[in-house]
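Indexing begins at 1, ligand by ligand and atom by atom, following the structure's order.
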Amino acid sequence: MRTDGILDRLATLRAADAPTHGGRVLSYVYDPGLAELDELAAAAARAVQPVNGLDPTTFTSVAVMERELVAFARDMLRGTADGPDAVVGSVTSGGTESCLLAVKIARDAFREDHPGLRPRVVAPVSVHAAFRKAAQYLDVAITLVPVDPATGTPAADALLAELDGGDVALVVVSAPSYPHGVVDPVAEVAAAAAARGVPVHVDACVGGWVLPFWEGAGGEPVPAFDFSVPGVTSVSADVHKYGYAPKGTSVLLVRGRDRQRRQFFATTGWPGYPVVNPTTSGSRSAAPLAAAWAVSQALGVPGYTALTARCVRATRALHAAVDRIDGLRVVGHPTGPLVAVACDESVPPARQVDPHLWADAVRSLGWVLQPQPGLTQDDGTRLPHTTHLTVTPVTEAGLDGLVPALVAGADAVRGEARPDVSAVLGALAGAFARPAGAQAAGPSADAVWEALLAALGADGGTERRATGSVLPDRLAPLMAVMEVLPAPVAERALVEIVARVAEAPA
Ligand SMILES: *Cc1c(COP(=O)(O)O)cnc(C)c1O
């Protein structure tokens with residue numbers, strides 16, 4: 001066996017990644033800027049490397065760490081430990097899995113009480129895409145209620161108007177929503193939902209480990225969103241976001257043991273070992289749990305409060321910086337460390353800044369912001385396209401570089417219109433147009449790829465490079481195309497791009 005060279009190659013590949021530390025990437029990564037915490041997490045993960053998290057009765061370290069991490073989250077989110085309302089929970093692989101399981105619990109509870117009726121989830125349109133995925137995977141209906149296009153805030157009465165159909169298994173609200181950083185009206189929705197017997201999930205995947213410390217760290221007051229709110233039946237909170245753990249850990253907390261047991265899958269109906277799984281996996285690594293547990297033990301409430309204080313100061317500074325940039329505006333009144341920036345259409349076009357052109361310009365200066373497409377809601381109103389910034393503790397130390405880059409990026413593209421994508425659009429939509437009588441299966445993978453190559457060109461970034469990079473450096477044209485294509489066409493095209501990225505070479 002030869003091991004030499006393998007890690008060198010990995011180091012080369014890693015060098016081509018977007019930087020995970022130092023605050024250059026304002027999404028995906030949550031860097032506390034504490035090297036010793038990274039070391040601790042790595043050592044904890046290594047210590048359990050051979051363990052199978054599938055069976056906490058055999059590998060008892062898994063049970064102890066899970067208990068302690070869940071207890072930390074329960075206390076942080078103000079759940080009671082005893083009685084019929086006891087908040088219990090489990091550690092999942094991430095936010096998507098926590099959301100999926102919250103929907104499964106609600107679906108199964110609803111089916112028990114309403115045999116033959118198809119359950120429905122109601123949520124603001126700004127709810128994380130994981131709930132659309134859950135609806136698709138678990139075969140439940142989903143109704144997405146429009147939010148105020150100016151602020152990204154859902155109106156409680158619009159959500160409540162959807163609750164009387166008799167088929168609602170779950171209402172979901174966010175604390176905060178990912179696209180706009182808005183804390184939804186949790187208390188109002190929960191009170192009205194409880195009166196109708198409808199369970200409420202609070203998706204605090206991104207906020208769950210930072211909002212509890214926000215006000216104590218000098219931030220603006222945060223409306224109650226946790227188990228202190230009557231009617232809230234479950235909360236998801238990702239440790240791999242503001243819990244500062246490596247990827248692979250979220251916590252799903254549920255009020256009431258009886259309710260939570262529906263999360264489990266168990267069978268004795270096969271000839272193998274009795275299977276009991278609280279989450280979607282069977283065998284699973286204990287490494288993310290061990291790392292998350294170690295990080296939460298090391299930081300504790302004082303550590304999280306101190307890191308949150310850095311986020312508070314950096315978020316304030318960014319709000320102020322965007323306010324000073326002519327042609328851009330912060331969307332609404334976000335609570336917490338997420339910021340969405342849109343074009344300020346109150347100024348003349350020559351002074352307006354397109355947020356996606358801005359993101360590309362800022363990226364060329366070394367800072368990666370995240371473009372979010374515009375969206376037409378069911379009521380016909382349009383949510384503008386925006387650029388998202390996730391603020392983390394290291395953002396503060398980098399403000400001296402980031403703020404000038406935000407200003408210079410805006411100066412570089414001010415007055416410029418969004419890319420004209422009509423030519424590309426025709427080419428792509430044409431590839432999907434089926435002649436009458438053709439099969440309903442849609443175009444083949446190769447036909448979609450050919451169309452993408454023709455529309456975007458090999459130098460448009462569709463070529464797969466040795467380092468794995470596939471997208472063009474400028475995302476504004478691609479985003480503009482995706483935004484105007486019919487959703488099924490855009491979705492199929494994106495699937496093709498992402499599938500080709502990791503496809504094994506011929
Ligand atoms: C990140 C996020 C999720 C999904 O979490 P993953 O860990 O990416 O699977 C769900 N909801 C919200 C609000 C999020 O920010």
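- Atoms of ligand 1 lying under 4.0 Å from at least one heavy atom of Gly95, given by number and element, are 4 (C), 5 (O), 6 (P), 7 (O), 9 (O).
- His388 has its ring centre less than 6.0 Å from the ring centre of Tyr178.
- Within the 4.5 Å cutoff, the side chain of Cys99 has heavy atoms near those of the Asp203 side chain.
- Within the 4.5 Å cutoff, the side chain of Leu338 has heavy atoms near those of the Val206 side chain.
- Atom CG of Asp258 has 12 or fewer neighbouring heavy atoms from other residues, nucleotides or ligands inside a 6.0 Å radius.
- The shortest distance between side-chain heavy atoms of Val62 and Val51 falls below 4.5 Å.
- Close contacts of ligand 1 with Asp238, meaning ligand atoms under 4.0 Å from a residue heavy atom, involve 1 (C), 5 (O), 7 (O).
- One option in Glu97, His128, Lys241 has a heavy atom closer to atom 1 (C) of ligand 1 than any other, and that option is Lys241.
- The closest protein non-hydrogen atom to atom 9 (O) of ligand 1 is Thr96 OG1, 2.5 Å.
- The distance from ligand 1 to the heavy atoms of Cys205 drops below 4.0 Å at these ligand atoms: 2 (C), 3 (C), 10 (C), 11 (N), 12 (C), 14 (C).
- At least one heavy atom of His240 sits less than 4.0 Å from an atom of ligand 1.
- Counting only non-hydrogen atoms, the option in Val202, Val172, Asp203 that gets closest to atom 12 (C) of ligand 1 is Asp203.
- Taking the side chain as every heavy atom from C-beta outward, Ser296 and Tyr304 approach each other to under 4.5 Å.
- Between Ser177 and ligand 1, no pair of N/O atoms sits closer than 3.5 Å.
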